[in-house]
There are 2 protein chains.
Amino acid sequence: MTQRGTSRGSSHRVAPEHTHPDDVPVLTALAALADPVRIALVRELAGSPVWTRSCGSFDVPVGKAALSHHFSVLRAAGLVEQRDEGPKRVNRLRREEFDTRFPGLLALVLRED
Amino acid sequence: MTQRGTSRGSSHRVAPEHTHPDDVPVLTALAALADPVRIALVRELAGSPVWTRSCGSFDVPVGKAALSHHFSVLRAAGLVEQRDEGPKRVNRLRREEFDTRFPGLLALVLRED
DNA sequence: GCGACTGTATGGTTTTCATCGAACACTCGG
DNA sequence: CCGAGTGTTCGATGAAAACCATACAGTCGC
């Protein structure tokens, strides 16, 4: 049963589902990056120290629901890793891993021409 | 000037509109490649000598109209160049130019993992 | 010129995707 | 325990994109 509440039994938040870049098809990676909001997220994330940015701290013109969905897509594409830290969910760009799987792709997105 | 034909009047087919890779935003390039049919076209085209493949010679599960549209997208993304040769329109993958603008991107799509 | 062949344009249908509002779940500080 | 803060889920909506069938426009061989 569910022990919840009263005195014990930890009931953590469900850990986000991650996909390793190695398990990501090219099409999925491209589709994930073919969106202006997600590109903004990746760029902003790339410009910040790891594990310092919570989901809500990004400057994108969409509501919470859409934002949550975008992060879900980025996770599924192996681009972002998330960890729960207190009430917030902090992010990390999977630079190395993703670049090993798709060499140069991240660099293309990050350079602002 | 352009007189074509032997001596008169010429009413050629409208030459397809091309966009040079240098004028293509990253988002457009990614969006163009984020489609299974277009990836198939690019791959098949990459495996053939230049100017040998007409639009209708590709093995993709879509009708003529959709096919024409896909080629239009590929042209706009600077991925494909087309030339009229008799009744058919033959294609060339813009390897060098595209790779100069988006280094490594084409390689990612062409390698079948 | 006629007819087969190739590709484009148009109109309409279906699907996909981004988005929002509202409800819910969890964490933490009073 | 309550309430503020953070993020996910659900249902619905709207826009974009893929697709097809048809009609049209060139090119070429006869």
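Within residues 44-71 of chain A, the residues having any heavy atom closer than 4.0 Å to DNA chain D are, in order of number, A/S54, A/C55, A/G56, A/K64, A/A65, A/S68. Of all the residues in residues 24-37 of chain B, B/D35, B/V37 reach under 4.0 Å from DNA chain D with at least one non-hydrogen atom. Of the residues in residues 77-95 of chain A, those placing a heavy atom less than 4.0 Å from an atom of DNA chain C are A/G86, A/P87, in numerical order.
Under the salt bridge (charged side-chain N to carboxylate O under 4.0 Å, His left out) criterion, A/R92 pairs with A/E81, A/E97, sequence neighbours left out. Residues passing the salt bridge (charged side-chain N to carboxylate O under 4.0 Å, His left out) test with B/R38, sequence neighbours excluded: none.
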Please list, one pair per line, the donor and acceptor atoms closer than 3.5 Å that link side chains of residues 17-24 of chain A to other protein atoms, with sequence neighbours excluded.
{"from": "A/H18", "atom 1": "ND1", "to": "A/P16", "atom 2": "O", "distance (Å)": "3.4"}
{"from": "A/H18", "atom 1": "NE2", "to": "A/Q82", "atom 2": "N", "distance (Å)": "2.8"}
{"from": "A/H20", "atom 1": "ND1", "to": "A/D22", "atom 2": "N", "distance (Å)": "3.0"}

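The side-chain heavy atoms of B/L67 and B/L41, taken from C-beta on, include a pair separated by under 4.5 Å.
Remark: the backbone N or O of A/R53 is paired with a side-chain donor or acceptor of A/N91 at under 3.5 angstrom. A donor-acceptor pair under 3.5 Å is formed between the side chain of B/T100 and the backbone N or O of B/E96.
Taking CG of A/L93 as the start and CZ of A/F98 as the end, the distance is 9.0 Å to the nearest 0.5 Å. A distance of 10.0 Å separates CZ of B/R111 from CZ of B/R43, quoted to the nearest 0.5 Å.
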If you apply the rule side-chain contact (heavy atoms from CB on, under 4.5 Å), what do you find for A/L30 with B/V109, and how did you get there?
CA-CA 9 Å; A/L30 293 174; B/V109 174; 4.2 Å; yes
Let's go through B/L45 and B/L79 carefully: what are the C-alpha distance in whole Å and the side-chain angles of both, what is the deciding distance for side-chain contact (heavy atoms from CB on, under 4.5 Å) to 0.1 Å, and is it a yes or a no?
CA-CA 11 Å; B/L45 191 52; B/L79 273 160; over 6 Å; no
